[in-house]
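Read the structure below first, then the notes.
Per chain, numbering begins at 1; letters A, B, ... match sequence-line order. Note that the structure is predicted; figures quoted are calculated from it, not measured.
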Amino acid sequence: MIQSLFILSPTGEVLIERHFRGVVTSRSVCDTFWDRASESINHHGGVSAISDHEELYDSVPPVMEVPGSDQGTLYVISCLRDGLSYLAVCPAEVSPLLILEFLHRVADIFVDYFGFPADESAIKDNFSTVYQLLEEMVDYGWPLTTEPNALKAMIRPPTVMSKLLQSTTVVSDELPSGTVSNMPWRTADVSYSQNEIYVDIVEEVDAIVDASGAVISSDVSGSIQCQCQLSGVPDLLLTFKDPTIIDDWSFHPCVRYSRYEEDSVVSFVPPDGNFELMSYRIVPEKVRSLNPPVFCHPKWNYGDRSTTSGDMRTGRVTLHAGVTTLSSLVFSPSHKGPVVVEDFCVNIPFPRQTRSTSNLRVDFGTAVYNEAAKVLRWNLGKMDASKKASLTCSFSFVSPKVGEEEALDPPHLSLNWKIPLASVSGLTVSGLSVTRESYHPYKGVRNIAKSGIFQVRCS
Amino acid sequence: MWNAADPATVLHQQLASALSTMGDAQYWEESISPATIKQSLLEADPSNPHHTSTFLRAMKWLLASISKGRNVSEFYPHVVKCVGVINLEVRKMVYMYLVQYADYDTTTRELSLLSINSFQRGLADAEQWIRALALRVLTSIRIPDILQIQILGVQKCASDRSPYVRKCAANALSKLAPRCDELQFTLLLELMQQLLQDDSNTMVLTSALIAFTELCPDQLHRLHPCFHKICHLLTDFDEWGQVVTIDLLARYCRQFFQQPVAWKEGTAERIDRQRRVRRTLITIEKNNTGTEHTAAAVPTPSLAETSAAAGVQLPPRIPQKIKRRVVKKGFYSDEEDESTEEEVYAEDTNGPALPISKAFRENPVSAVTASASPAVLEDHEDSELAPDHRLLLQSALPLLKSRNAGVVLAVCSLQYYCGVSSIKVRAAMGKALVRIHRDRREIQYVVLTSIRTLAKECPSAFAPFLHDFLVKAMDPPFTRLIKLDILSSLALEPSAIQLVLKELGSYVRHGDRRFACAAIQAVGKIAEMARIVHDRRDKMGRDEANTIALNCLHGLLTLSQTVDHRPALVGESIIVMQCILQLLRSDSDVQPVKDPNHVQDRAVHRILLLLVYTLSKKRDEPAIDAGSEDEDEDADASKLQSVGVSLPAPAVASALWVIGECLLSNQKSVSFSPIFGKYSVEERAELRHELLRLVAKAFPVLHDCEKEQSIHFATRLLLTESNGITEEEKICEQILSLGRLDVNPDVRDQARMFSGMIHAGGRLKHDLDGIEGLPLIQRKLEKEQMQRMFTHARPQVSFLPVEGDMTTSESGAFRFGTLSSMVGHKARNAYVELPPWAAENSPSSLRERDPNDKKSTTSLPNEKLGAPNSQFYNDGDDSDSDDSSSSSSSNDDDSSSSSSSSSDDSSQQSSSSVLLPMPSGSITQPSVQNNTQQEKLNLLSLNGGDTSDDSSSADDSSSSSSSSSESSSNGEQGRPNDQFDLISMNTGRQPHANDLIPMHVTGVSLNDNYFGVANVSLPSVADDLKGLVLSPPVAGPTDQNWERDSGAWIQLVRPEHAGGLSVQGRYLRGFTKSQQVQKLGLTVDKPSVVCLQLRFENRSPGVFRRIRVLQRSQPVGSSIIRPRLFVPPPEIDLLEAGKQAEGILGIDFMETSDRDGSMQAKVDIKYGTGGIPVEIKPSIGDLLLPCQRSVSEFDTAMARLQGFQRVELSVQLDTGVPIQDRILGAASLTVVGSDWSSNGVLRFVGTLPASGDPVYILITTSKVTVCCDHALVVSNILNIIKRALQ
C-alpha cells in the first residue's frame, strides 16, 4: 500500500504530493531520495544518450530504504518517466511490482490525458487534473480505478475550451456506467459516425552486435497496438495466418484468454481509443536466425598512450553504416520496391572524459554533437541499400590517471531504425471480424518492424 | 496520425498553442496573494453556480500551495463551508483539502464536524458515484469523534446495490480499522466476512480481500467459505487485486494443505537437482584426495563471491566424443522433433557460437537426466493434490499471461512455493518471467532479482533464455550485477560456458569498477563450474575443463597486464588467478594438468612480480634500498619499473599465499613443483629470502589480512625448510614477534598461537620476546605433525553456493518478489511468512458452505457487540447485497430450516417470545436515525392482528426467532427477516413456514450458494423499509408466494442446443415481484420493470462452470423497446450434473407498451466457454398489472364495453379442469370472486401496463369474453387465453 505519492521534477522539486493513509510523510524522504539520485546523475546529463529511454540518474535502485524521521523505516519505490521521478512511499511489506506497475500506469494515464511527454510543464499545467486523477486512482493507498476508459468517463481530459473558460469543469457530470459492468475497460454508449479500427503489428528488434557486425544476441518482441473507434459494444475476433509463430504472449484484460488457448484466435471487446491488445515473443528459431537490416561498423582509436598520464589525448572515431540487402525481414505483399529504412539514426555516446570534438565529417545525413550530453547523433533519415554512409570525428579527452579506476567506457552505439510494412516473424492477420454490432467498420492492419534496444559493441 | 488533415484538429492545435498560457501553471507563480484567495472564499456563495469559477480558482491555488509544501491550514474555516458547493469539480478539490487538514489541529477537527452532514447527505444520493465519493471522503477524515458515524456509513454502503459503492465500503474497512476499539474491530471483521461470502462481484471481492490483508492477515481460516468462489473468479479480478489475492492464497494453501510429493520431487526439480552446481560435490571429490580440515588460514578472498576473465580465448574445440542422449521429453513439452535437434547439436559443437546456443535453448536437459525419464510423471504430477489445492493452482496458472508483471510474479511465487515442480509448470514460469523482464527498467530490476533467486534453484527453466540476460549498454548498474549473477548460474552446459565466458571477456573491462570486479569473479566461478559440468558428462571431460580453466587463467593474466592503471581490477584478477591455480593443482597428482603453454608458470610469475612491486612500495622508506631490488630480482628487475600498480590488500594476501605455496613446497607435497621447475633450488632460496625480507620490512604498514598471511608464510617457512637457513629463521621469527605485538587482536592471536606451537616443537630459537607469557603447549609436538597441520593441501576457495545452504529455502529467507526480499529485512514487520505445510490436507468440507457453520461463526461476535452500540448497529447490520442469498435456510428441503435452526437454540426462542409483542407496543427508538424504523413498526401494528400468543403461528414465530438468532439478539430493532416473517404472520394468510422459502437451490449442493436465491436473502433494512412504506399496505397479499406470484415456466434454452444446459424462466408478479425487484435495486411498481425467475438445470453428464447472463447490445431506434437497466443474476460457479440452480433477472425497459411483444431484451447465456443468445420478450399477458375489483364493479364495467372492445370465443370447458391456474399461468391477472366450482363462472381483471386501461375477462363453461378499452389488445389477450385453455 502506498502511504504517499510524490512526483519530483528533474531538478528534485516536489511537483505533486499526496498522502493516502492519513499519515503525512515528511518531505525529508524526497530529499534523501534526491540526494542519492543526484549523486548518480549520469554524465549524459539527462539527455537520452543511447535510446529513447530517459536516463536522468543511473544507479538509484527502484526500491530504497529511507529512514523516516518519526515513523521508522520507510520504503521508497520509485520510477523515472519523462524526467519526472515518481516516488511511492510505502510503510510496510507490499509487492514492489504492484507498486511499480501502478506508478507506470499513473504515468501512462498522464500521457493519455496530457499528451506525450507528460513532463514537468505538462504536470504543472494540469496539476488540478492530476490531483483529481490520483484521487480516483487510489483509495487508502490501494489502486482503485485504473482503466483509462473509466477514468475518462469520470474526469474529462483537459481541452482547449476548458482551459479557455476557467469555469468549465473537467469533472464529468454524467457519471460512468462502464465501471459497474462486466467490462470495466470499456466506456458504455460510445457512438461514432464513422466506425474504424486500426491494428498495428509492431515488432521491435533488440540486438547486440559486435564491432564486426556479428550478432551476439537478438530478441524480438512484438505487440499489437489498436486504435479503436467503434460504436456500441462490438465483439471482435482477430485471427492470424500462422499463430504458431507466437511463442509466448500476454493480453490486455479485455481478451478472452481461453479462446486463445483453445483456438489461437484473439476474441475481445475492445476499450475505446488506443490500447495495446497483446504483446508476444516469437519462437526462438526466428529470433536466432535474425539478420538485421542495417549495419554499422565503428572503429575507435584512442591515440597513443602518453607516458605521462593524466593529460589530454586525441582520439578518432570512424563509422560505416548502411542498409544490408540480406536482411531476414518478411515484407507485406503490398510492399514494393527496394527496402527503405526510415528514421535511421545512430547515437554515439562519447566517454565521460571527452572534452571536445573536432573535424566532424559525414557523407550522408546530418550529425550533431550535443556538448552537454556528450552524444553525437547521426541522423541518416531514409536510406536504402544502394547508399553507404560514413562518419569521421576526432575528439580530445583526458586520459584517465593510473589508479583512478576511471576507465574509458567502451562506448556502445545505439541504432534506431524503422521499416514499415515489414515484419521479423512474418506474423500476419488473416481476419478481423466484428460481431454484435450491425455496422461494417473500416479496418486497417499493417506491420512495422523497428529497432528496440539495438546496440553495437565497440570493444 | 490518421486524421491529421481534419480541420477541426488543426484549429484545435492552433488554439491550444495560443492558450498554452492559460493552464494551471499560473498557480505555481507567486502572482496571487493569499489574502485575495481568502477574500474570494469569504465572498463567494457555495450555492450560487455563478461563483463556481471563483471557487475553482481558490481551490486550485490552495492545491498548488500544498504541492509547493506550504501550510495552508489557515484556510480551513473558509473551505469547510464550501463542502456543499454545487460544482462537482470544486467539491472534489474541497474534499481533498479537507482530508489533508481535517486532523491538523483542534480547530480543524472541530470545524470538520460541520462538513459531516454534507457527507451523510451524499451517502443517500441517488447517484452511485456520489455515494462512493462521500463514503471515501467521510472515512478518510481521521477525527475520533465521528468514528461511529463512519462505521455506520460503511455498514450502509456495504449493502449498497452498486458494486462500486460496496467496493469503496470494503476499502473503508481498512481505513477505519486502525482507529477502532476491539468491539468495533470485530464488527468490521464481520462486515468484511459478509462481503467476502455474499458478494460475487469481483470489484467488491478484490477490495474485501485487500481489507483482509490489512485487518487480519493471519486469520486465514476466514477464507474457507469463499475459497472456491475466489478461485473461480480469480481471472476476473482486477490486476491489483490478483496480486494481493494470490499472495494470500499461497499462505492459505500452505496452512491448509499438505506438502505434495511433487513439490520437491517433481520432474523439473529432479532434473535441476542433477544440474545444480553446489560445493558439496567438490568436497566429495576432494575426500578422495585426502582433504583435511584445519584451522589454518586459507586465503579467503572475502570480497570474492564470483569471478571472470579478460580476453579469454575460447577453449580449443574438442570434438564431442559422447553422443548426447536425448531425453524422451524435453524441458519444453512443446518440442516436437528431438532427433533433428540432436543432429543440429552434433554439428554445432564444431560450429560458431550462435548455433550452439540455439541447440542449447532447444535441448537444455543435460545428458545426465536421461536416466531420470522425466516424462513418466509429467502428466500426473498434480494428481495427488487435494482437489482444492489443485483448483487453486489451476485457476492461477492462466494469469501467467497477464500483462501486469506483478501478477505474473505473484503466480510464479505461488507455483514455486505451493505448486508441483513439474517440467510443464517450471517451463511456463521461466517463459513468463523472461517475458516480463523485458519491461521498464524498474520492473526489470525486481523481476531480475527474482529470476536470480530462481535461477539458482531451477536453472533449467531459464537456461534456454541465456541470451536474454546478456548485459546491455544501457542497463543501469543495479541490473548489470544481477544479470551477471544469473548468467554465471546458468552456465551449466559446455556451450553455455563458452558463451558466458565470451561475454565475460567484454565485461571485465567495463568502466564500472564494481561490475568489472564482479565479472572477474564470475570467471573464477565458471572455471570451477566447468570442471563439475564436464566431470558429470564423462570421465574424459576433465581435460576439457582444465583447458577452460587454463584459458580463464590466461585471460586474467592478460587482463592484469592491460588494465594496469586500475588496481582494483588487477587485484581482483590476482585473487581469481590464485583460485584457479589452486583448482588446477587440486588433483594434479591423480591427473596432471596438460599445460603446453605454461600458462600457470606465467601466471605465478606475474603474481610474484606484482607482489614484490607492491611490497617494495609499501616499505616505510621507499628510497632506502633502491639498489637491492635490481640486485635480487635479476631478470624481472627491469620490468618492475613498468608494472606500475600496487595491489589492494586482499590481493596481496592471496598472492603471498600462492607464492608461499610455490616457494616452500618441497619434495613430497602436491605442489606447484613443475611451475618453478626452471629455477634452481638456490634461485628459489634467494627469491624466498628476498620476499621474506620485504614482508618483514613492510609488516607494520600492512593490512590485517596481509599480516595474517605473512605470519602464516613465516610459520610455514620455519617448519618446512631444513637447517642452514639461520638468516631466514631470524626474519621469520621477527615477523612472528611483530605479529604477537600487533594492535589487531586477530593478528595477535594468530601470531601467538603459531609461535606457541612452533615453540612447543622447539623450533623457535632466536626472537623469544614475550614467548614466555604465552600459554604454552605442554606436549611436545613432532615436526611432522606440525607440517601436516600447516602445509597440507587445502580445499580450494570456492565461489559456488554450498549445498544445503539454500538461500531460497524458506528458513530465514524471504519469498522472492517481496519487498522484504529486496531490502533484506522484514519490512516493518508486515511481512507474513509462508506457514509450513499442513501435516495433512484439511477436509474439503471446510470450504463447502455449510449454513450452520456460517451461523455459528457469525452470530457469536454479533452477540458480543450487543447493547452498547445498538443504536448504530441495528440498521444495516446485515449487509446482504441484492444478489446474495445467505440465509441459513436455503438448502433445506423438508422443513423450514429457519425453524429447525431456531430449535437448535432455545434461548433464542425465548428471547423471541419476548420480542414478539413489541410491534403493537410503543417502542422508543434510541436514535433519530432510526425514525424509519418507527414507521415500519407502525405499519406492522397497522397490519397486525393479535399475534404474540397465537399458537397457530408457532412456526412463524420460531422462524422469526431464528432469523434474529442468526444475526444479533437485539431483535427489537428488527432484523429484516423478522419483519417479513412478522408481516406474513400478521396477515395470517401463510399457513406454513416452509412456504416462505419455496425457492432454493435444489439438488443439494451447489458449492456456493451465494448464487442468488434472492427470496430468502436478508435485504438491508433500508431497502426493506422502502418497500414496506411505499407499497400499498392492503392492496394484495404481502407475503412471498412464488407459485402464486408467477406465470408458467417458459423454456428459454433447450438442453439440446446448449450441450445439456436447460434454462427456463417465469415472470414474477405481485408482491413477490415487488420484493425481488426491490432487491435488485430497480424501481418497485414501475410497469416497465419485468422480473424473471430463471432456472438452470444441468442435464448433461458433465459440469457447467461459470454460468452467467449477459446483456447484448441492441440497436437504438428500432421499434423494439430496449432495456434501460439490466440486472443479471449472479454468476453460477459450478453446476454439477443433474443439479439445478435458480436466479432472478430484472429488466427495466425504456418504456412500456400495450403492444404484444414490443419489449425485448437480448441476452446471452454464457457457460464455460460457450454461450447461447436468448431473447426475453414478455407477452402482454405477463405485463398486465394487478388491480382490484369487486364482482359488481366487474360486471358493470364489462357491460359497458361492447363492439370492438369486446371479443368472444366459444369454448367447451369442464368445471373439473383447473382453468384458473392455467389462465393465471399464462397471464398476470387478478381473480375476481371465485365461483367456478359452484357457478362455472370465472372473472379475471388486469391493467394494461402502458395505458392503464383495465382488461376484463369472463369465462364460463361455454364462452370466453375479453373486454378492454384498448381494442388492439383484446384479441391479443384472447389469443393468450385460448392458448392457455388448450
State the [atom1]-[atom2] distance between [X] and [Y], to the nearest 0.5 angstrom.
X	Y	atom1	atom2	answer
A/Ile208	B/Glu503	CD1	CD	6.0 Å
A/Leu97	B/Met822	CG	CE	8.0 Å
A/Ser414	B/Lys472	OG	NZ	12.5 Å

Please state whether the side chain, the backbone, both or neither of [X] comes within less than 4.5 Å of a heavy atom of chain B.
X	answer
A/Leu144	both
A/Met1	side chain
A/Trp142	side chain
A/Glu136	both
A/Arg18	side chain

- Dump the intermediate steps for side-chain contact (heavy atoms from CB on, under 4.5 Å) on A/Cys79 and B/Arg440, then the final yes or no. CA-CA 9 Å; A/Cys79 77; B/Arg440 302 208 177 252; over 6 Å; no
Tell me the closest heavy-atom pair linking [X] and [Y], and the distance in Å.
X	Y	value
A/Tyr257	B/Ser402	OH-CA, 3.8 Å
A/Tyr140	B/Pro178	OH-CG, 3.8 Å
B/Asp439	A/Glu101	OD2-OE2, 4.2 Å
B/Glu442	A/Leu80	OE2-N, 2.9 Å
B/Gly817	A/Pro96	O-CD, 3.0 Å
B/His467	A/Ser217	CD2-CB, 3.6 Å

Heavy-atom distance under 4.5 Å to chain A: side chain of [X], backbone, both or neither?
X	answer
B/Asp236	neither
B/Asp103	neither
B/Asp247	neither
B/Gln1111	backbone
B/Val408	neither
B/Ala64	both

- Inspect the contact between A/Asp210 and B/Lys502 and indicate whether a charged nitrogen and a carboxylate oxygen are less than 4.0 angstrom apart. no
- NZ/NE/NH1/NH2 to OD/OE distance under 4.0 Å, B/Lys68 and A/Glu13: no
Look at the side chain of [X] and the backbone N and O of [Y], then say whether any donor-acceptor pair between them is shorter than 3.5 Å.
X	Y	answer
B/Arg435	A/Trp249	yes
B/Arg136	A/Glu135	yes
A/Glu93	B/Leu819	yes

- Query: How far apart are the C-alpha atoms of B/Arg438 and A/Arg281, what are their side-chain angles, what is the distance that settles it, and do they pass the side-chain contact (heavy atoms from CB on, under 4.5 Å) test?
  - Reply: CA-CA 10 Å; B/Arg438 228 198 83 93; A/Arg281 286 166 68 96; 4.3 Å; yes
- Any donor-acceptor N or O pair under 3.5 Å, side chains A/Ser250, B/Arg403: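 No, because no side-chain N or O of A/Ser250 sits under 3.5 Å from a partner of the opposite role on B/Arg403.
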- Under 3.5 Å, is there a donor-acceptor pair between the A/Glu17 and B/Ser67 side chains? no
- Message: Would B/Lys167 and A/Asp139 count as a salt bridge (Lys or Arg N to Asp or Glu O under 4.0 Å) here? Give the steps.
- Response: CA-CA 10 Å; B/Lys167 181 183 177 69; A/Asp139 194 14; over 6 Å; no
- Task: Measure up the B/His825 and A/Tyr75 rings against each other and bin them: parallel (under 30°), tilted (30 to 60°), perpendicular (over 60°).
- Result: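 Plane angle between 30° and 60°, so tilted.
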